[in-house]
Amino acid sequence: MRLRRRGDFERAYREGSRARGSVLRVVAVENGGPWTRLGLSVGRRVWRHAVQRNRVRRLFREAFRLEYASLPAGFDLILIPAQPRLRPDLDSTRRELVRLARKASRRAREKRARAGEEAS
RNA sequence: CGAGAGGUCCAGGCGAUCGCUCCACGUGACUUCUGUCGGCGUGGGGAGGAAAGUCCGGGCACCUCGGAUCAGGAUGGUUGCUAACGGCAACCGGCCGUGAGGCUAGGGAAAGUGCCACAGAGAGAAGACCGCCUACCCCGUGCGCAAGCGCGGGCGGCAAGGGUGAAAGGGUGCGGUAAGAGCGCACCGCGGUCCUGGUGACAGGGCCGGCAGGGUAAACCCCAUCCGGUGAAAGACCAAAUAGGGGAGGCGCAACGGGCGAUGAUCCGCGUCCCGUCUCCCGGGUAGGUCGUUCGAGGCCGGCGGCGACGUCGGUCCCAGAGAAAUGGUCGCCCCCUCCGGUGACGGAGGGACAGAACCCGGCUUAUCGGACCUCUCGCGUC
RNA sequence: GGGCGAUUAACUCAGUGGCUAGAGUGUCUCGUUUACACCGAGAAAGUCGGGGGUUCGAAUCCCUCAUCGCCCA
């Protein structure tokens, strides 16, 4: 499911854990539900022209769709291109998505556990 | 066959499969009875000719409205088309091309002002550097009896030729003259006037004038025509949390005064508020949501009118509606291009332009692989 | 979506129709110094963002394209 509300994005940027690779930058935050949700943030700095920008967006969405079963459940994942003028291919995006999503979600769980200890 | 001119159209095709989004119908669960869902099933729609740049013009929406003068901006051959335009069509003039055709910001320079560097004698009611001439007048001198003839110079004359310049106060030719000159004449150009044709821009012709002060208005300006501002983040509605009192209408003060207004200035009218009082009402608004939002100056086909842009009539079709923003992934066959191997049929690899709707239209401009078709021009060859 | 502005030497900027487009910093060469810096003298460096037009003449005026930046929430 796509993430679209402004508040969801702000919560992710405020509380989320990040991981960066050569293609993607992933921000992960627990959403309290049973499903994983997708947010995309592809700005004009990546590509000036809309065709190339849509290309990146659609490829990210396709990678998310194909690797959905391998992703940690119960997270909102925001995908950001790692560098301007990115020309990604599907295979490497899929591999990096899985790797970074697991890494970021692990960090998010640790962070929450630490917060729980300090609260108690 | 070769070279070229103008225009219309297409934007790789077919299929399978996994997804996204919207719509219709049926159906399930929940429900505050109005809707909600990672619901289910079936069927259907889903980027462009430029969707782009935002250079113009409109629709639509709001701003408390109407007018006058000025300022400001835009446009600039004529006649039309159109909702409108800075767009388009036809025509006129100019320039380019053998031609088909192409380009054209193309009103006014005797309304006024400014500018025209450098060079050059002179650059605007100009001027004589080199040059040409010495007819008239004066001086010197040679020849001659004399009238006179000649040479040099002066006083002067000229603007043909050279030279400068982007530009030198019409051009060519003949006559004329001391040399020259629109000084005279012919033709061309130019100005005025009249006639004819055309709605008009303008064209053609007659007569008169010897020619009348260059260029620049994408310099100021003058003339004619047009123009209110803000833009879907316009705007209408529903409405958590929080804070907490406002809103609508009538009358008077009032023949006073002040503020506000279509947001460049001034003025006039008009409206409205400020103050008092009376009556009535519960609303306003952020997050968020719904509408605006896709049926429209609409597409296609045909008839009629018009040279055409276009208009009109009839039939037919419904054709994207996202919102951190949907059109994508994979596979097969075919098409086109490039490269490699091969004599070849063929095989293999890579590639398929520019580019992505954001309220909607009409244009302009710019980007663009390649292809189809129509009309026309020139050259060569053959019959 | 809408609206403004800028582009001139490697850098920061002048130049608003007319001679070879200038200034500061920087760079290079020479001098000075044992050497370096400072200082002095000199030099190089420009499609004036690209293209087209107006004009005798354009960095300057007009049109168009490109790039960069800012504002409206």
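These numbers were taken from a predicted model, which means no experiment stands behind them. We name chains A, B, ... by the order of the sequence lines, and we start the count at 1 in each one.
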Hydrophobic cluster of L66(A), others only, ordered by chain and residue number, side-chain cut-off 4.5 Å:
L59(A), L90(A)
Not counting sequence neighbours, which residues clear salt bridge (charged side-chain N to carboxylate O under 4.0 Å, His left out) with R94(A)? List them please.
E67(A)
Please produce a list of atom pairs where a protein N or O lies less than 3.5 Å from an N or O of nucleotides 16-18 of chain B.
| residue | atom | partner | partner atom | Å |
| --- | --- | --- | --- | --- |
| C18(B) | O2' | R65(A) | NH1 | 2.8 |
| C18(B) | O2 | R65(A) | NH2 | 3.1 |

Go through the structure and list residues passing side-chain hydrogen bond (donor to acceptor under 3.5 Å, both in side chains) with R65(A), not counting sequence neighbours.
E62(A)
For RNA chain C, please output the secondary structure as dot-bracket, reading 5' to 3'. Pairs are Watson-Crick or G-U wobble, both atom distances under 3.5 Å; mark crossing pairs with [ ], other-strand partners with |, unpaired with a dot.
((((((((.[[[[.)..(...]]]].(((((.......))))).....[[[[[..)....]]]]]))))))).
Could you pull out all residues at least two apart from E30(A) that satisfy salt bridge (charged side-chain N to carboxylate O under 4.0 Å, His left out)?
R112(A)
Partner set under side-chain hydrogen bond (donor to acceptor under 3.5 Å, both in side chains) for D91(A), not counting sequence neighbours:
none
Only counting residues at least two apart or in another chain, list the ones meeting salt bridge (charged side-chain N to carboxylate O under 4.0 Å, His left out) with R58(A).
none
Between the protein and nucleotides 352-358 of chain B, list the N/O to N/O atom pairs that are separated by less than 3.5 angstrom.
| residue | atom | partner | partner atom | Å |
| --- | --- | --- | --- | --- |
| G356(B) | OP2 | A50(A) | N | 3.3 |
| G356(B) | OP2 | V51(A) | N | 3.4 |
| G356(B) | N7 | R58(A) | NH1 | 3.4 |
| G356(B) | O6 | R58(A) | NH1 | 3.4 |

Contacts of R45(A) meeting side chain to side chain contact (heavy atoms under 4.5 Å, CB included) (sequence neighbours excluded), chain-then-number -> none
Residues that R48(A) engages under side chain to side chain contact (heavy atoms under 4.5 Å, CB included), provided they are two or more places apart:
R44(A)
Suppose we screen for side chain to side chain contact (heavy atoms under 4.5 Å, CB included). Which residues come up paired with R14(A), at least two apart in sequence or across chains?
E10(A), R11(A)
